[in-house]
Structures are given as structure tokens and as C-alpha cells.
J.: 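What follows is a single structure, and I will ask about it in a moment.
Side chains included, hydrogens not; waters and symmetry mates left out as well; all remaining heavy atoms used. Indexing begins at 1, ligand by ligand and atom by atom, following the structure's order.
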Amino acid sequence: MTDQGTDVGTTWGGTHRFEATRLHRPTSVDQLRELVAGLPAVRALGSRHSFTALADLPGGDLVSVADLPAEVTVDADGAGIGAATVTVGAGTRYGDLAPQLLERGLALANLASLPHISIAGAVATGTHGSGDRVGSLATAVAGLELVTADGELLTVSRSSHPDDFDGMVVALGALGVVTRVTLTVEPAFEVAQTVFDDVPLDAVLAHYDEVTSAGYSVSCFLPWAGDGVQVWVKQRVPKHSADAFEPMRELLGLPPADGPRHPVPGVATEATTEQRGVPGPWFERLPHFRLAFEPSAGDEIQSEYLVPRDRAVEALEAVRALGPMIAPLLFISEIRTMDADTLWLSPASGRATVGIHFTWHPDPAGVLAVLPHLEAALAPFDARPHWGKLFVAGADAVAPLYPRATDFVALAEQMDPTAKFRNPFLAEHLFG
Ligand SMILES: Cc1cc2nc3c(=O)[nH]c(=O)nc-3n(C[C@H](O)[C@H](O)[C@H](O)COP(=O)(O)OP(=O)(O)OC[C@H]3O[C@@H](n4cnc5c(N)ncnc54)[C@H](O)[C@@H]3O)c2cc1C
């Protein structure tokens with residue numbers, strides 16, 4: 001087990017320098033259990049893709065599960081739930097799991113915009129891709145193995161913990177250190193993606209349901225300056241192959257883009273996944289970015305607010321009204337959809353959801369000055385901030401957005417009575 005000394009470094013985006021003084025990397029579950037049992041406080045750290053102090057523990061200890069054994073096991077009738085499942089080390093990156101699934105003829109239903117994120121970290125914050133009929137990544141979780149505050153190894157599933165399981169999945173690291181995750185899988189499938197340039201924002205808003213249902217997974221990118229939206233349509237093939245893009249052509253009267261595109265105007269396209277309707281494996285099309293490249297625009301800050309689908313167009317109009325304030329700070333904004341789920345702290349809990357995402361320039365002061373205006377404009381729509389991205393709302397505003405937040409706090413107090421897994425971020429934004 002290594003201990004990385006006193007500089008734990010920063011988040012992926014360089015947006016937060018960790019104030020924890022030690023990072024442990026146990027290589028066996030027994031080492032992890034001994035560590036957790038012996039420490040007064042500890043936080044799990046994933047692949048550092050959150051933008052805030054969410055995973056941090058000032059002056060304390062962090063632990064990574066990335067060096068635990070990561071073998072992949074497939075169960076054709078996983079956990080007796082009537083669907084195949086795969087169980088994998090929690091620190092595994094989606095991009096490393098995906099080819100192993102394909103070798104076995106399997107797939108996950110969806111992925112986030114990039115494959116570099118750890119499974120446990122993504123699940124813990126309700127990370128999502130896009131798709132009207134696809135849930136966030138955490139909805140694939142059929143079971144978890146975690147080291148709890150007393151150092152015990154606990155295995156949970158919906159059947160073993162029918163009352164609490166929905167509270168244990170999107171858990172922000174507050175219930176224990178997850179060591180293995182069991183995910184529902186399906187037969188492997190292929191996806192073709194096509195990009196449409198300069199779709200008028202008015203047309204997107206007027207036909208929002210048709211636009212987002214034009215593919216299995218649809219993302220709309222826009223800078224909130226001017227009127228052009230770049231629409232990425234990812235379609236499962238061959239089911240819909242020949243006429244995959246007809247709905248968009250008919251609806252918007254636009255041909256697909258004439259070459260590869262990056263969501264951020266002017267950025268080279270080599271890091272983006274194949275477009276122009278060329279079919280390929282699910283994991284090489286559902287993320288926008290390839291595993292082999294460092295994605296996105298480099299140094300950046302991200303924020304995202306998730307609103308109920310039936311208020312999405314109103315919410316987007318409210319953001320549009322702030323365009324002159326937002327646009328100068330923005331690389332790009334992305335709008336995605338997801339199906340409702342039952343997970344207590346999932347941003348899509350209890351409601352079909354639209355995520356309004358912002359990739360900001362690395363200007364913390366500028367972004368922090370705009371966020372209160374953005375949050376005030378989106379408050380009438382019960383906008384839930386993405387747990388892993390930058391937001392300013394405190395617990396008094398955030399907790400009431402989740403009908404089961406009180407139950408989650410009670411579960412955390414029961415499983416972790418000494419608050420071993422809590423930190424100042426959770427106190428400020430959820431526990432109060
Ligand atoms: C370039 C980029 C692109 C992104 N794209 C998307 C996207 O498409 N969709 C989206 O929704 N979000 C996206 N995000 C946000 C990202 O998915 C979340 O912040 C996610 O939580 C990061 O996972 P991580 O492994 O880096 O976790 P970390 O940031 O390291 O930690 C996040 C949380 O997970 C907990 N955690 C981590 N590991 C464990 C464990 N083993 N046991 C218990 N708790 C654990 C931590 O304690 C912490 O609370 C993106 C972020 C970046 C930087």
C-alpha cells in the first residue's frame with residue numbers, strides 16, 4: 001500500500017487542490033478494511049473528474065481503490081434479477097471495462113461524454129450520458145460491495161436491501177468505500193453518430209421532443225451566443241440503419257455536417273469519436289471523446305443543472321435570457337436528456353430529466369460571479385445541481401430538491417454514526 005505523501009495534487013481540471021494530506025492506494029481488500037477501520041475519517045477518491053472539494057478531506061486521508069484487483073466476472077442471470085450482469089473493480093474506468101465487455105458480446109446501455117471516469121466515482125454522483133429512454137449510469141447498478149465505517153465488507157443489492165438500495169448507489173462517498181460494482185449489461189450493439197450544424201435554437205426549442213427522440217442518444221451543443229445549435233445524434237444500428245437520420249432531415253431540413261466536428265468551435269477533431277454515420281461498437285460512439293486522447297478543451301470548469309423534462313424548454317429560455325452574461329465565460333454548453341429513476345440522490349430521481357451543462361473557461365472568479373444568477377434563474381424549475389460539478393447552492397436549497405434527502409441523511413447516520421466518511425463539502429451542500 002503506497003501513501004503519496006503530503007501533496008495529493010488537484011482535480012482533473014485543476015479546479016481544486018486537494019487539502020487532504022495523505023492518499024492511500026491499498027492493493028487488497030483486507031488492506032483497505034484495516035485502513036478504514038483504523039482511521040477516524042477517510043474519503044474515497046476516484047479518477048478526480050469532479051470539479052470541487054466533493055472528494056476531499058482537509059488535513060485527512062483519501063483512499064483510492066484503483067489498485068485493488070479488477071477482474072471482471074459475468075453472470076448470465078446476475079443477482080437473480082433476470083438480466084446478465086458484470087461485476088468489476090470499482091476503480092475501473094469505463095473505457096477499460098468496455099472492450100472486455102465487447103469481447104464477451106456485451107454492452108452497457110450508456111456512457112458519459114468521456115470514458116476516462118472511474119465507475120465508482122461516476123455512480124456516486126449520478127453521472128449520465130444522454131437518451132430519452134436511458135437512465136443515468138447509476139441505473140445500471142445491480143449490486144455494490146463496500147467497506148463500511150467499521151471496516152466490514154458489505155455486499156448489497158436491491159433484493160438484499162429492498163428498502164435502502166436506492167439510497168446506496170448515488171451516495172457521494174458518504175456510506176463507505178465501494179470496492180466492486182455489479183452492472184446490468186445487454187447484448188453488444190453498434191451505434192452510428194451524425195452531427196448537424198447550425199440548427200436554429202428556435203427550431204430546437206419548438207420541436208424539442210422530436211429533436212431529442214431523433215436518436216438513441218442526442219446531445220445539443222450551443223454557446224448561448226448567436227442562434228446555432230450543433231446536434232449530435234447517436235443511433236443504434238442496424239435496427240434503424242437505413243433511415244436513421246431521416247427524422248432530423250425532415251424536421252430541420254438540414255443535411256448532416258460535411259466533416260468531423262468538435263463540440264467546442266475551432267478545436268481539432270482528432271479526440272472525438274467517429275461521426276458521419278459510420279457504425280461502430282457502442283463504446284466508441286456513445287462517448288464524444290476517445291479513450292486514447294485527453295478530452296475536451298483542457299483547463300476548464302464545469303457546471304450542470306438538471307431540470308424536469310416537462311419544464312425544460314422554459315428553463316432553456318431562462319438560460320437564453322442570461323446569454324450575454326454567460327457566453328463570454330463559456331467554451332460550450334451541452335443539453336442532454338435522461339429517463340427518470342428511483343435512486344434517492346440521483347439528479348433524475350423521480351422525473352424524466354434534461355441536463356443543462358456548461359463548460360466554462362478556467363476563470364473561477366468569473367464563473368462564481370455568474371453562478372448565483374444562473375441558479376436564481378433556474379430555481380423556479382427545481383434545478384438540481386450536478387453533484388460533481390461547480391455550484392454554489394447550500395444545503396438549505398439543495399436538500400429539498402430531493403424527496404428522499406432526509407432518508408439519505410438518516411441512512412448515512414445509521415451506517416456511519418461517527419461521520420467517518422463525511423467532509424465539509426457534504427456538510428455545506430447536503431447535510432447542513
Ligand atoms: C472532462 C469531464 C467530462 C465529464 N463528463 C461528464 C458527463 O458526460 N456526464 C456527467 O454526468 N458527468 C460528467 N463529468 C463529471 C464526472 O462524471 C463526475 O464528477 C464523476 O463523479 C467523476 O468520477 P471520479 O471517478 O473522477 O470521482 P471523483 O471526482 O474522484 O469523486 C467523486 C465522488 O465519488 C466518490 N467516490 C469515488 N470513488 C469511490 C469509491 N470507490 N467508493 C465510494 N465513493 C467513491 C468520491 O468520494 C466523491 O464523492 C465529467 C467530468 C470531466 C472532468
Side-chain angles (χ1 to χ4, degrees), residues 8-16 18 20 23 25-26 29 32 36 42-57 62-68 88-94 110-130 136-138 144-148 168-181 217 219 263-264 271 286-289 293-306 331 334 336 338 345-348 353 355 357 359 384-390 416 421-423 425-426 429-430:
V8 175
T10 69
T11 52
W12 173 90
T15 48
H16 174 74
F18 287 99
L23 172 60
R25 299 181 64 104
V29 172
L32 173 64
V36 170
V42 59
R43 290 282 293 163
L45 179 65
S47 51
R48 303 168 181 248
H49 284 87
S50 296
F51 288 84
T52 65
L54 170 63
D56 205 358
L57 191 62
L62 302 184
V63 62
S64 162
V65 296
D67 293 345
L68 293 184
V88 59
T92 306
R93 303 183 304 171
Y94 281 97
N110 212 353
L111 289 168
S113 64
L114 79 167
H116 305 67
I117 298 171
S118 88
I119 296 172
V123 164
T125 59
T127 287
H128 60 90
S130 191
S136 75
L137 305 190
L144 295 170
E145 180 189 89
L146 68 164
V147 173
T148 53
M168 295 175 165
V169 181
V170 180
L172 308 172
L175 304 182
V177 181
V178 177
T179 50
R180 291 180 71 72
V181 181
S217 171
S219 284
V264 180
L286 291 173
H288 308 319
F289 302 103
F293 286 81
E294 266 307 307
S296 214
D299 281 349
E300 64 189 46
I301 302 169
Q302 296 184 8
S303 303
E304 187 172 19
Y305 298 93
L306 297 107
F331 282 118
E334 181 180 10
R336 286 177 283 183
M338 68 221 73
L345 291 189
S346 164
T353 290
H357 162 94
T359 300
R384 296 168 173 164
H386 190 304
W387 292 112
K389 303 181 183 178
L390 186 64
D416 179 19
F421 299 119
R422 255 162 275 164
N423 69 357
F425 182 95
L426 291 179
H429 296 289
L430 177 62

J.: Are Leu45 and Leu23 packed together at the side-chain level, in the sense that at least one heavy-atom pair is separated by less than 4.5 angstrom?
T.: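 A side-chain contact under 4.5 Å exists here.
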
J.: Val178 to ligand 1: N or O pair under 3.5 Å?
T.: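 Yes, Val178 has an N/O under 3.5 Å of an N/O on ligand 1.
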
J.: Below 4.0 angstrom from a heavy atom of Ala120, which ligand 1 atoms are there? Numbered from 1 as shown, please.
T.: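 This gives 38 (N), 39 (C), 40 (C), 41 (N) as the contact atoms.
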
J.: Heavy-atom distances under 4.0 Å decide this one: backbone, side chain, both or neither, for Ala44 against ligand 1?
T.: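 Both backbone and side chain.
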
J.: Can you list the ligand 1 atoms lying under 4.0 Å from a non-hydrogen atom of Gly388?
T.: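 Taking each heavy atom of Gly388 in turn, ligand 1 has 19 (O) under 4.0 Å.
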
J.: Apply side chain to side chain contact (heavy atoms under 4.5 Å, CB included) to the pair Thr127 and Ser136, showing each step before the final yes or no.
T.: CA-CA 6 Å; Thr127 287; Ser136 75; over 6 Å; no

J.: Kindly say whether Leu390 contributes a backbone atom to a donor-acceptor pair with the side chain of Ser303 at under 3.5 angstrom?
T.: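 Checking the backbone N and O of Leu390 against the side chain of Ser303, a donor-acceptor pair under 3.5 Å is found.
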
J.: I want to check something: taking the side chain as every heavy atom from C-beta on, are Phe421 and Leu426 in contact at a cut-off of under 4.5 Å?
T.: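 They are not in contact (no side-chain heavy atoms under 4.5 Å apart), so the answer is no.
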
J.: When you measure from the heavy atoms of His116 to every atom of ligand 1, does any distance fall below 4.0 Å?
T.: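 For ligand 1, residue contact (heavy atoms, under 4.0 Å) with His116 is absent.
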
J.: Show me which atoms of ligand 1 lie under 4.0 Å from any heavy atom of His128.
T.: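 In order of number, 7 (C), 8 (O), 9 (N), 10 (C), 11 (O).
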
J.: Which ligand 1 atoms are under 4.0 Å away from a heavy-atom of Ser47?
T.: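 Atoms satisfying the 4.0 Å criterion: 24 (P), 25 (O), 26 (O), 27 (O), 30 (O).
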
J.: Within less than 4.0 angstrom of ligand 1, does Phe421 place any heavy atom?
T.: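 No heavy atom of Phe421 comes that close to ligand 1.
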
J.: Give the contacting part of His49 toward ligand 1: side chain, backbone, both or neither, where contact means a heavy-atom distance below 4.0 Å.
T.: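 The answer is both.
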
J.: Which option out of Thr179, Leu426, Thr125 puts a heavy atom nearest to atom 20 (C) of ligand 1?
T.: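 The residue whose heavy atom sits nearest atom 20 (C) of ligand 1 is Thr125.
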
J.: Can you tell me how the ring of His49 sits relative to the ring of His116, calling it parallel under 30°, perpendicular over 60° and tilted otherwise?
T.: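 The arrangement is tilted - the two ring planes meet at 30° to 60°.
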
J.: If the cut-off is 4.0 Å to any non-hydrogen atom of Gln302, which atoms of ligand 1 fall inside it?
T.: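 Counting atoms of ligand 1 from 1, those under 4.0 Å from Gln302 are 1 (C), 2 (C), 3 (C), 4 (C), 50 (C), 51 (C), 52 (C).
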
J.: With a 4.0 Å cut-off on heavy atoms, is Gly176 touching ligand 1?
T.: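 Distance cut 4.0 Å: Gly176 passes for ligand 1.
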
J.: Considering distance alone, does some N or O of Leu172 sit under 3.5 Å from an N or O of ligand 1?
T.: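 Right, the criterion is met.
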
J.: Is Gly121 in polar range of ligand 1, meaning some N or O pair under 3.5 Å apart?
T.: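 Yes, Gly121 has an N/O under 3.5 Å of an N/O on ligand 1.
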
J.: Just by distance, do the side chain of Asn110 and the backbone of Ser130 share a donor-acceptor pair under 3.5 Å?
T.: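 Such a contact is found between Asn110 side chain and Ser130 backbone.
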
J.: Could you check Leu175 against Thr148 for side chain to side chain contact (heavy atoms under 4.5 Å, CB included), going step by step and ending with a plain yes or no?
T.: CA-CA 7 Å; Leu175 304 182; Thr148 53; over 6 Å; no

J.: Enumerate the atoms of ligand 1 whose separation from the nearest heavy atom of Ser118 is less than 4.0 angstrom.
T.: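 Within the 4.0 Å cut-off of Ser118, ligand 1 contributes 25 (O).
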
J.: For the residue pair Gln302 and Glu300, confirm or rule out a side-chain donor-acceptor distance under 3.5 Å.
T.: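 On atom types as modelled, these side chains qualify, holding a pair under 3.5 Å.
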
J.: Do any nitrogen or oxygen atoms of Gly46 lie less than 3.5 angstrom from nitrogen or oxygen atoms of ligand 1?
T.: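 Yes, there is a polar N/O contact under 3.5 Å.
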
J.: Would you mind listing which atoms of ligand 1 come within a distance below 4.0 Å of any non-hydrogen atom of Leu54?
T.: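 Taking each heavy atom of Leu54 in turn, ligand 1 has 32 (C), 33 (C), 48 (C), 49 (O) under 4.0 Å.
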
J.: Does ligand 1 have an atom that lies less than 4.0 angstrom from a heavy atom of Ala122?
T.: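 Checking ligand 1 against Ala122, which is what was asked, there is a heavy-atom contact under 4.0 Å.
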
J.: Report the member of Val147, Thr52, Thr11, Ile117 with the shortest heavy-atom distance to atom 23 (O) of ligand 1.
T.: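 Selected option, by shortest heavy-atom distance: Ile117.
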
J.: Between Leu114 and His288, does the side chain to side chain contact (heavy atoms under 4.5 Å, CB included) criterion hold? Intermediate values first, please.
T.: CA-CA 6 Å; Leu114 79 167; His288 308 319; over 6 Å; no

J.: Between Glu304, His357, Glu300, Arg336, flag the one that comes closest to atom 7 (C) of ligand 1 by a heavy atom.
T.: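 Result: the heavy atom closest to atom 7 (C) of ligand 1 is in Arg336.
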
J.: Using the rule given for side chain to side chain contact (heavy atoms under 4.5 Å, CB included), can you reason through Lys389 versus Tyr305, listing the C-alpha separation, both sets of side-chain angles and the distance that settles it, and then say yes or no?
T.: CA-CA 9 Å; Lys389 303 181 183 178; Tyr305 298 93; over 6 Å; no

J.: Of Val42, Asp67, Val147, which is the lone residue that meets side-chain contact (heavy atoms from CB on, under 4.5 Å) with Leu32?
T.: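 Running side-chain contact (heavy atoms from CB on, under 4.5 Å) over Val42, Asp67, Val147 with Leu32 returns exactly one hit, Val147.
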
J.: For His16 and Phe18, take the angle between the two ring planes, folded into 0 to 90°, and tell me which bin it lands in: parallel under 30, tilted 30 to 60, perpendicular over 60.
T.: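 His16 and Phe18: perpendicular rings.
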
J.: Below a 4.0 angstrom heavy-atom separation, can you tell me which part of Trp387, side chain or backbone, both or neither, approaches ligand 1?
T.: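 It is neither part, as no heavy atom is under 4.0 Å.
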
J.: Which bit of Arg43 gets closer than 4.0 Å to ligand 1, counting heavy atoms only: side chain, backbone, both or neither?
T.: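 Side chain only.
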
J.: Evaluate the side-chain proximity of Thr125 to His386: yes if any heavy-atom separation is below 4.5 Å, no if none is.
T.: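 The answer is yes; the side chains approach within 4.5 Å.
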
J.: Between the main-chain N or O of Leu57 and the side-chain N or O of Arg43, is there a donor-acceptor pair closer than 3.5 Å?
T.: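 No, because the side chain of Arg43 does not come within donor-acceptor range (under 3.5 Å) of the backbone of Leu57.
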
J.: Mark up the atoms of ligand 1 that fall under 4.0 Å of a heavy atom belonging to Ser113, in ascending order.
T.: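 Going through ligand 1 atom by atom, the ones under 4.0 Å from Ser113 are 3 (C), 4 (C), 5 (N), 6 (C), 7 (C), 8 (O).
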
